[in-house]
Structures are given as structure tokens and as C-alpha cells.
Amino acid sequence: MTLNEKIELLEEIMDLDEETLTQDMDLDDLDEWDSLSVLSLTVEMKKRYGMDLTTEIVKKFKTVADICNYIPD
């Protein structure tokens, strides 16, 4: 999965228009990064990669890039 595909996935999860997110955006600045988005990301990671996304991992995410770096290529 390319970086652009990862960002597009996050935009879909957060219900944002295409090309809204950039790698350097802080998640705390995004109203759309809420508990529903975290749950949706958790489900996608399990469905696509068989990976469990724990609370401890999510708490480490500070930027869009942090999430993109966690998602396998």
C-alpha cells in the first residue's frame, strides 16, 4: 500500500474529502479523529492485515504520518 493509499484510507475512515490530510497534520487538531475513527481503523487493520490495534498503540499516534508508518505497505 502506497503512502497516498494509506492517506486515502484514513480520509475514508474519518469521512473527509480527498486530499484533505497531509502527513504532518496533528491528530489532536482533527475533530474527525474521534473514537469512531479509532474503532473504524481498528476494524480495518484486523480485516486487512489480521493485526490487533491496541489502545497503547493508538495513544502513540500523534500525526497522520504515525498512522501511515504503522500501516503495512
Side-chain angles (χ1 to χ4, degrees):
M1 180 175 265
T2 67
L3 176 60
N4 285 341
E5 290 170 334
K6 293 175 185 181
I7 290 175
E8 287 173 6
L9 174 63
L10 292 176
E11 289 170 338
E12 184 179 322
I13 286 171
M14 291 186 230
D15 198 27
L16 294 168
D17 293 332
E18 285 186 33
E19 300 182 13
T20 300
L21 295 177
T22 61
Q23 291 183 72
D24 59 340
M25 293 178 99
D26 287 328
L27 295 172
D28 288 340
D29 294 338
L30 296 169
D31 292 336
E32 296 82 5
W33 180 246
D34 56 14
S35 58
L36 182 58
S37 294
V38 171
L39 180 60
S40 296
L41 179 61
T42 302
V43 169
E44 280 298 314
M45 294 302 292
K46 184 68 170 178
K47 182 172 74 171
R48 290 177 185 236
Y49 305 106
M51 298 172 66
D52 291 322
L53 189 60
T54 64
T55 304
E56 292 78 28
I57 294 169
V58 171
K59 286 181 180 179
K60 293 179 183 178
F61 295 153
K62 302 297 179 205
T63 65
V64 170
D66 293 338
I67 300 173
C68 290
N69 291 335
Y70 183 79
I71 299 172
D73 291 333

> Cut-off 3.5 Å, side chains only: do Thr2 and Asn4 have a donor facing an acceptor?
Replying inline: no
> With Lys59, which residues qualify under salt bridge (charged side-chain N to carboxylate O under 4.0 Å, His left out), at least two apart?
Replying inline: none
> For the atom pair OG1 (Thr63) and CG (Leu21), what is the distance rounded to the nearest 0.5 Å?
Replying inline: 11.0 Å
> How many angstroms lie between atom CD1 of Ile7 and atom CG of Leu16, to the nearest 0.5 angstrom?
Replying inline: 11.5 Å
> Do you know which two heavy atoms are closest between Pro72 and Met51, and how far apart they sit?
Replying inline: CG-SD, 3.6 Å
> Under the salt bridge (charged side-chain N to carboxylate O under 4.0 Å, His left out) test, which residues partner Asp28, sequence neighbours left out?
Replying inline: none
> Does the pair Leu9 and Arg48 meet the rule for a side chain to side chain contact (heavy atoms under 4.5 Å, CB included), with working shown?
Replying inline: CA-CA 12 Å; Leu9 174 63; Arg48 290 177 185 236; 3.7 Å; yes
> Who are the salt bridge (charged side-chain N to carboxylate O under 4.0 Å, His left out) partners of Lys62, not counting sequence neighbours?
Replying inline: none
> Does atom CD of Glu12 have more than 12 heavy-atom neighbours, drawn from other residues, nucleotides or ligands, at distances under 6.0 Å?
Replying inline: no
> Which distance, rounded to the nearest 0.5 Å, do you find between the CG of Leu41 and the NZ of Lys46?
Replying inline: 13.5 Å
> Do you reckon Leu53 sits in the same ILVMFWY cluster as Leu36, going by side-chain contacts under 4.5 Å, direct or chained?
Replying inline: no
> Do you reckon Ile71 sits in the same ILVMFWY cluster as Val43, going by side-chain contacts under 4.5 Å, direct or chained?
Replying inline: no
>> If the condition is side chain to side chain donor-acceptor pair (under 3.5 Å), which residues does Asp17 pass it with, not counting sequence neighbours?
In response: none
> What distance do Leu30 atom CG and Met25 atom CE have between them, rounded to the nearest 0.5 Å?
Replying inline: 5.0 Å
>> Working note: Asp66 + Leu27, criterion side chain to side chain contact (heavy atoms under 4.5 Å, CB included); need CA distance, chi angles, decisive distance, verdict.
In response: CA-CA 10 Å; Asp66 293 338; Leu27 295 172; 5.8 Å; no
>> What's the separation between atom CD in Gln23 and atom CG in Asn69, rounded to the nearest 0.5 Å?
In response: 7.5 Å
> With sequence neighbours left out, what residues match Tyr70 under ring pair (Phe, Tyr, Trp, His ring centres under 6.0 Å)?
Replying inline: Phe61
>> Applying side chain to side chain contact (heavy atoms under 4.5 Å, CB included) to Lys6 and Val64, what does each step give before you reach the verdict?
In response: CA-CA 10 Å; Lys6 293 175 185 181; Val64 170; over 6 Å; no
> About how many Å separate CG of Leu3 and CD of Glu8, when rounded to the nearest 0.5 Å?
Replying inline: 10.0 Å
>> Restricting to salt bridge (charged side-chain N to carboxylate O under 4.0 Å, His left out), what partner residues turn up for Glu11, sequence neighbours left out?
In response: none
> Within the side chain of Ser37, is there an N or O that forms a donor-acceptor pair under 3.5 Å with the backbone of Glu32?
Replying inline: yes
> Taking a hydrophobic cluster as the set of Ile, Leu, Val, Met, Phe, Trp and Tyr residues connected by side-chain heavy atoms closer than 4.5 Å, whether directly or through intermediates, do Met1 and Met45 fall within one such cluster?
Replying inline: yes
